[in-house]
Amino acid sequence: MDKKLQSYYESRFSMMATEGWQDLMTDAQGIFDSLNHVMSIQNESDLMLKKGQLDLLHWLLNLKTASEQAYEQLISDSAGAAQDE
């Protein structure tokens, strides 16, 4: 794995280990939970707005897991490439 990409992931994981990140995740989960209801949807426009809001919050709430999986895959790919040399 190239050093710039490794630094990118290390910085991301460092950020995600902070109390501020945990606070953000708690707030994002609360907002997600408050929006994740269909009773307030009046029309298709409301539905599309709510879907967009939930999609963005879902991405944020799952960013740590997705980043960890991507990083592990990069490490695995790098190890496999090194063995092939």
Side-chain angles (χ1 to χ4, degrees):
M1 177 183 340
D2 94 27
K3 294 292 181 189
K4 187 174 181 179
L5 186 57
Q6 183 174 355
S7 177
Y8 168 82
Y9 277 102
E10 288 173 356
S11 293
R12 178 173 277 196
F13 296 139
S14 177
M15 172 191 66
M16 291 174 175
T18 66
E19 185 177 340
W21 180 262
Q22 295 306 314
D23 291 343
L24 176 62
M25 291 299 96
T26 299
D27 291 346
Q29 186 65 59
I31 295 167
F32 183 90
D33 293 344
S34 73
L35 291 172
N36 198 17
H37 301 283
V38 297
M39 293 298 292
S40 64
I41 298 172
Q42 300 296 314
N43 53 46
E44 186 177 349
S45 180
D46 288 350
L47 176 63
M48 292 297 107
L49 175 62
K50 189 167 290 236
K51 183 181 182 318
Q53 292 169 325
L54 290 170
D55 284 346
L56 182 57
L57 288 164
H58 185 262
W59 170 80
L60 182 61
L61 290 166
N62 290 290
L63 183 59
K64 183 177 180 184
T65 301
S67 296
E68 290 168 346
Q69 291 171 348
Y71 186 71
E72 289 171 12
Q73 185 63 46
L74 287 167
I75 289 173
S76 176
D77 291 350
S78 294
Q83 288 178 352
D84 290 342
E85 293 178 358

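Given the structure is predicted, the values throughout are model-derived calculations rather than measurements. Residues: numbered from 1 along the sequence shown.
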Residues 65-74 side chain polar contacts: donor-acceptor under 3.5 Å, at least two apart:
unit_1	atom_1	unit_2	atom_2	d
Ser67	OG	Arg12	NH1	2.9
Ser67	OG	Leu63	O	2.8
Gln73	NE2	Asp77	OD1	2.7

Without placing hydrogens or testing angles, list every side-chain donor-acceptor pair under 3.5 Å for residues 31-38, not counting sequence neighbours.
unit_1	atom_1	unit_2	atom_2	d
Asp33	OD1	Gln29	NE2	2.8
Ser34	OG	Ile31	O	2.8
His37	NE2	Asp33	O	3.0

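Minimum heavy-atom separation, Asn43 to Asp46: OD1-N, 2.8 Å. Of all heavy-atom pairs spanning Leu61 and Ala28, the tightest one is CD2-CB, 3.8 Å.
When the side chain to side chain contact (heavy atoms under 4.5 Å, CB included) test is applied to Asn62, the partners found at least two apart in sequence or on another chain are His58. Not counting sequence neighbours, Asp27 has no partner by the side chain to side chain contact (heavy atoms under 4.5 Å, CB included) test.
Summarising the hydrophobic clusters (Ile, Leu, Val, Met, Phe, Trp, Tyr; side-chain heavy atoms under 4.5 Å, direct or chained), the residues clustered with Leu49 are none.
Counting only residues at least two apart or on different chains, the salt bridge (charged side-chain N to carboxylate O under 4.0 Å, His left out) pairs with a member in residues 51-60 are Lys51-Asp55.
With hydrophobic clusters built from ILVMFWY side chains whose heavy atoms lie under 4.5 angstrom apart, Leu5 shares a cluster with Met16. Hydrophobic clustering keeps Leu47 apart from Leu57 (ILVMFWY residues linked when any side-chain heavy atoms are closer than 4.5 Å, directly or through intermediates). Both Met15 and Leu24 belong to a common hydrophobic cluster when Ile, Leu, Val, Met, Phe, Trp and Tyr are linked at side-chain heavy-atom distances under 4.5 angstrom.
Remark: side-chain polar atoms of Ser14 are not paired, donor with acceptor, to backbone N or O of Glu10 under 3.5 angstrom.
Rounded to the nearest 0.5 Å, atoms OG (Ser7) and CE (Met1) are 11.0 Å apart.
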